[in-house]
There are 2 protein chains.
Amino acid sequence: MKKAVRAPRKPVRPSALQAESLQQTRREHASETAEDYVEAIADLTAAHGEARVVDLARRLGVTHVTVNRTLARLQREGYVSVQPYRAIFLTDRGRTLAAECQHRHGIVVAFLVSLGIPEKSAEIDAEGIEHHVSPATLAAFARHLAK
Amino acid sequence: MKKAVRAPRKPVRPSALQAESLQQTRREHASETAEDYVEAIADLTAAHGEARVVDLARRLGVTHVTVNRTLARLQREGYVSVQPYRAIFLTDRGRTLAAECQHRHGIVVAFLVSLGIPEKSAEIDAEGIEHHVSPATLAAFARHLAK
DNA sequence: TACATAATGTAGCCTTGGCTACACTTGAGC
DNA sequence: GCTCAAGTGTAGCCAAGGCTACATTATGTA
Ligand SMILES: [Mn+2]
Ligand SMILES: [Mn+2]
Ligand SMILES: [Mn+2]
Ligand SMILES: [Mn+2]
């Protein structure tokens, strides 16, 4: 009368937690583009006085077409203000997000460097890692740096 | 005769490095699905004796439709072997990748926990972070753990 | 054995985010 | 003022990865 071919053994990692983690990761990826764009726009504006489509394309490693379409979405979502053939401006909301991202980015890079990781590797890894760092983890990184 | 409205000031972060970092991040995202799937298949096979579409869907937090289409791609790419209405098997290539991912995943979680991050937060963050950890960074994490 | 249900498969929709090719606009320098 | 190269815009292609709705298959149990 063996009930199940599929043994009822408890899995190594509970399915529910893994599913929740992966869904969170997907949510983070959904906001990642916005974060990288507003950060780049803030950086470029600080460095050049303005952010242009072609600058963003070079900075982000994509074509100007991709930048254009993404900017349309970011405008729709209220992060930027775009007018044809004009420089790109952050809204208040965009500026707030950019500041948060710049702050978090700096902490992640500094933390990785503090572990002895070469500057360049730290910068490359941080660009991906930053979007998956929860407030608790960011705090832990900052705590570690303070020591 | 002011040559440029666009001042030639050196940007805070060089565009080339940022572009390279973002391109690397995008490459990592492209292999992320394969990594999460083979890891889940290996885990499920170890725990249940086999991995079925519905188990994967639950585990990954997506519908069985998404799982099916993704498995077709993973088979095309040589990671899994799939037959209609049968359990899913890893190829040698899939098994190798799964082992690497399980190993890396474990180190990332343990490292975060060692920083004082709660187990659950560590697990959630690790699910995203793991895919952006270069060999140099993984080594640094392991080094830190050994102490 | 038959059948109800769970599992699996598939058609077709959407959004994001890459791209090329081509068209239009701007503005710096002559 | 003109010109033309650089910048910008847009049409349309592709793949990945979500989804719902519906069709088909397998299988445990009556
Ligand atoms: Mn980033
Ligand atoms: Mn960043
Ligand atoms: Mn993962
Ligand atoms: Mn990521």
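Proteins come first, then strands; the chains are lettered A, B, ... in the order of their sequence lines, and each starts at number 1.
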*Asks:* Any salt bridge linking A:Arg73 with A:Glu77? Criterion: basic side-chain nitrogen under 4.0 Å from a carboxylate oxygen.
*Replies:* yes
*Asks:* Quick one: which residue pairs count as a ring pair (Phe, Tyr, Trp, His ring centres under 6.0 Å) with a foot in residues 87-110 of chain A, not counting sequence neighbours?
*Replies:* none
*Asks:* Would you indicate, yes or no, if D:dA16 has its OP1 or OP2 atom less than 4.0 angstrom from a side-chain nitrogen or oxygen of B:Arg76?
*Replies:* yes
*Asks:* Measure the distance from OH on A:Tyr85 to P on C:dT25 and round it to the nearest whole Å.
*Replies:* 6 Å
*Asks:* Linking Ile, Leu, Val, Met, Phe, Trp and Tyr by side-chain heavy atoms under 4.5 Å, what else ends up with A:Leu17?
*Replies:* B:Ile124
*Asks:* Test question: given the 4.5 Å side-chain rule for I, L, V, M, F, W and Y, name all other residues clustered with A:Phe111, or answer none.
*Replies:*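 So far as hydrophobic clustering goes, A:Phe111 is joined with A:Ile107, A:Val108, A:Leu112, A:Leu115, A:Ile117, A:Ile129, A:Val133, A:Leu138, A:Phe141, A:Leu145, B:Ile107, B:Val108, B:Phe111, B:Leu112, B:Leu115, B:Ile117, B:Ile129, B:Val133, B:Leu138, B:Phe141, B:Leu145.
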*Asks:* Who pairs with A:Ser134 by side chain to side chain donor-acceptor pair (under 3.5 Å), at least two apart in sequence or on another chain?
*Replies:* A:Thr137, B:Asp125
*Asks:* Let me spell it out: for each of A:Pro84 and A:Thr63, pick the nucleotide of DNA chain C with the closest heavy atom. Which residue's pick is nearer the 5' end?
*Replies:* A:Thr63
*Asks:* Mind calculating the distance between CG (B:Asp55) and P (C:dA7) to the nearest angstrom?
*Replies:* 8 Å
*Asks:* Looking at residues 65-72 of chain B, who's got a heavy atom less than 4.0 Å off DNA chain D?
*Replies:*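 Within this stretch, B:Val65, B:Thr66, B:Arg69 sit under 4.0 Å of the strand.
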*Asks:* In chain order, what residues pass the ring pair (Phe, Tyr, Trp, His ring centres under 6.0 Å) check against B:His64, with sequence neighbours excluded?
*Replies:* none
*Asks:* Could you tell me the separation between the CZ atom of B:Arg52 and the P atom of D:dT25, rounded to a whole number of Å?
*Replies:*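 Checked: the CZ to P distance equals 16 Å.
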*Asks:* Using atom OH of A:Tyr37 as one end and atom C1' of C:dT16 as the other, report the distance to the nearest whole Å.
*Replies:*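 Going from OH in A:Tyr37 over to C1' in C:dT16 covers 11 Å.
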*Asks:* Check DNA chain C against residues 18-33 of chain A and give the residues with a non-hydrogen atom under 4.0 Å, in numerical order.
*Replies:*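 Under 4.0 Å from DNA chain C: A:Thr33.
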*Asks:* Without decimals, in angstroms, what is the distance between A:His64 NE2 and C:dC22 P?
*Replies:* 14 Å
*Asks:* Return the set of residues passing side chain to side chain donor-acceptor pair (under 3.5 Å) with B:Arg143 (not counting sequence neighbours), or none when no residue passes.
*Replies:*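 None.
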*Asks:* Whole angstrom is fine here: how far is it from CG in B:Leu60 over to C1' in D:dA16?
*Replies:* 15 Å
*Asks:* B:Gln75 CD to C:dG9 C1': how many Å, rounded?
*Replies:* 14 Å
*Asks:* Would you say the ring centroid of B:His131 lies under 6.0 angstrom from that of A:His29?
*Replies:*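 That pair fails the under 6.0 Å test.
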*Asks:* Is B:Val65 isolated, or which residues cluster with it under the ILVMFWY side-chain rule of less than 4.5 Å, directly or via members?
*Replies:*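 Besides B:Val65, the hydrophobic cluster comprises nothing; the residue is isolated.
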*Asks:* Rounded to the Å, how far apart are B:Gln83 CD and D:dA26 P?
*Replies:*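 So the CD-P distance, B:Gln83 to D:dA26, works out to 12 Å.
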*Asks:* Please work out if B:Arg86 contacts a base, only the sugar-phosphate, or nothing of the nucleic acid, heavy-atom cut-off 4.0 Å.
*Replies:* nothing
